[in-house]
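Okay, so here's the structure we're looking at.
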Amino acid sequence: MDTQTQRKYVYEPSKTTEPDFPSTSRPKGSPFFAHLITFLILFSLWILLSGKFDLFHLSLGIISCIIITLISGDLLFPESKTKGLIRSWLLFLKYIPWLLYQIILANLHILYLVFHPRMMELIDPEIIKFQSKLKKELSLVTFANSITLTPGTITVYVSVDGNFHVHSIDKKSAEPLPGEMESKVARAFGEQ
Amino acid sequence: MDIVVTALLVIGLVFFTGGGVGILRLPDFYTRLHPAGKLDTLGSLMMMMGVAVFNLHHFTWGALLTSLKIILIVVFIFLSSPTATHSIVDAGVRAGLVPWTKKERRE
Amino acid sequence: MHYIFLYTGLFLCLLMVLSLYRAVFGPTVLDRLIGANAIGSKTVVLLILIGLIYKRVDMFVDIAMAYAMLNFIAVLAASRYFQKKKGLL
């Protein structure tokens with residue numbers, strides 16, 4: 001059934017045709033490094049989940065991790081560019097504590113709203129639209145998930161070219177929206 | 001050590017209580033998602049951290065492994081909870097639910 | 001310390017009853033889905049607390065992890081199913 005015809009409200013996504021996904025042809029460079037990192041991540045996950053260190057279980061883990069790496073080794077690092085990989089992960093790790101601090105601040109705000117006796121006068125829900133400057137899909141997904149994790153705002157719709165619709169619960173949480181978090185995400189994924 | 005664990009558990013319970021009360025009090029579907037999806041996430045983070053710290057009280061390698069598993073659950077919740085929230089919102093938008101707004105904004 | 005975990009678990013059960021109100025009497029189907037999701041995210045914590053009370057955390061952690069994944073997949077599947085329905089109001 002066509003879902004486009006069911007949409008009838010004002011804040012609905014625009015009907016412009018979204019651009020196609022970027023072509024999935026990957027550069028044919030040696031993907032050995034990406035495969036190695038995928039194998040290491042999978043194997044550490046295996047050790048963590050099994051918790052047995054004898055030879056039998058470890059060899060079973062190595063065999064199954066090699067099979068999974070051969071099948072879907074280019075899933076986690078699709079570009080197979082090995083140059084800026086570790087640096088970008090370090091930048092991303094620097095982004096996480098700021099996000100946690102932001103989440104705790106906003107959670108306290110929501111907690112104050114919920115327990116306030118005159119809550120119905122304080123809240124003021126609305127739908128905001130804005131256009132993001134981010135380009136990569138991974139950074140768009142991270143930005144949308146960060147918006148949803150920060151309380152007071154939920155991402156309703158995001159398109160491939162960075163068109164965001166955000167539902168916010170009151171004015172205070174709607175104000176700082178496209179500003180600082182977007183530049184932080186852009187810096188974490190190397191888009192400046 | 002026990003004081004830290006108890007404090008973390010109580011903070012987590014406060015966040016969970018906020019989530020439960022918020023689900024009951026807020027006026028419509030879109031606003032109810034705000035406490036339900038996110039106060040629960042931070043509450044489970046706090047309580048899991050408390051349990052992981054308590055589990056390392058008598059240090060063994062098995063206890064360390066269990067604590068790492070608990071942290072893995074927290075990471076999984078932090079990845080999956082926004083996705084679930086966004087999926088529910090998307091279902092609401094496509095079904096055509098009108099968001100609740102204030103009265104002066106409606107006119 | 002034993003009693004702290006016990007009363008924390010009991011309080012979590014009380015909060016689950018609060019969410020159960022929304023899951024039973026919710027005006028729309030999606031409200032019920034929100035209530036069920038909230039109950040699921042409390043259950044994950046409650047399982048680990050039960051493990052602490054019975055001193056078998058290493059076993060209950062695996063159950064909690066499986067329950068977290070199951071809760072996530074159930075919410076995704078239910079919301080994907082209901083977005084095709086028009087008359088759910």
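Within every chain, numbering begins at 1; the chains are lettered A, B, ... in the order of the sequence lines, protein sequences first and strands thereafter. For clarity, every value in this text was computed on a predicted model and none was experimentally measured.
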Max heavy-atom pair count under 4.5 Å with chain A, selected residue of B:L39, B:V21, B:T17: B:L39

A:L70 atom CG, over 12 foreign heavy atoms within 6.0 Å: yes

Side chain to side chain contact (heavy atoms under 4.5 Å, CB included) against B:V14, all qualifying residues, sequence neighbours excluded: A:L111

Over all atoms of both residues, closest heavy-atom pair of A:H116 and B:R25: O-NH1, 3.0 Å

A:F115: partners by ring pair (Phe, Tyr, Trp, His ring centres under 6.0 Å), with sequence neighbours left out: none

Residues that A:H57 engages under ring pair (Phe, Tyr, Trp, His ring centres under 6.0 Å), provided they are two or more places apart: none

B:F59 CZ: over 12 foreign heavy atoms closer than 6.0 Å: yes

Top of A:L108, A:T155, A:N145, A:L100 for chain B proximity - count of heavy-atom pairs under 4.5 angstrom: A:N145

A:T148 OG1 to B:K38 NZ distance, which is reported to the nearest 0.5 Å: 7.0 Å

Pairs of heavy atoms under 4.5 Å with chain A: top-ranked of B:P27, B:G19, B:P35, B:S81: B:P27

Neighbours of chain A found in residues 60-76 of chain B - heavy atoms under 4.5 Å: B:L65, B:L68, B:K69, B:L72

A:Y157 to B:H86 - nearest heavy-atom pair and separation: N-CE1, 4.3 Å

Within 6.0 Å of CG in A:L93, more than 12 heavy atoms from elsewhere: yes

Proximity breakdown for B:T31 and chain A, heavy-atom pairs closer than 4.5 Å: both

Part of A:L45 within contact of chain B (heavy atom distance under 4.5 Å): side chain

Heavy-atom neighbours of A:F53 CZ exceed 12 at 6.0 Å: yes

Side chain proximity check, A:I103 to B:F78, heavy atoms < 4.5 angstrom: yes

Top of A:I47, A:I110, A:I154 for chain B proximity - count of heavy-atom pairs under 4.5 angstrom: A:I154

Non-hydrogen atoms of A:L149 and B:P82 that approach each other most closely: CG-CG, 3.6 Å

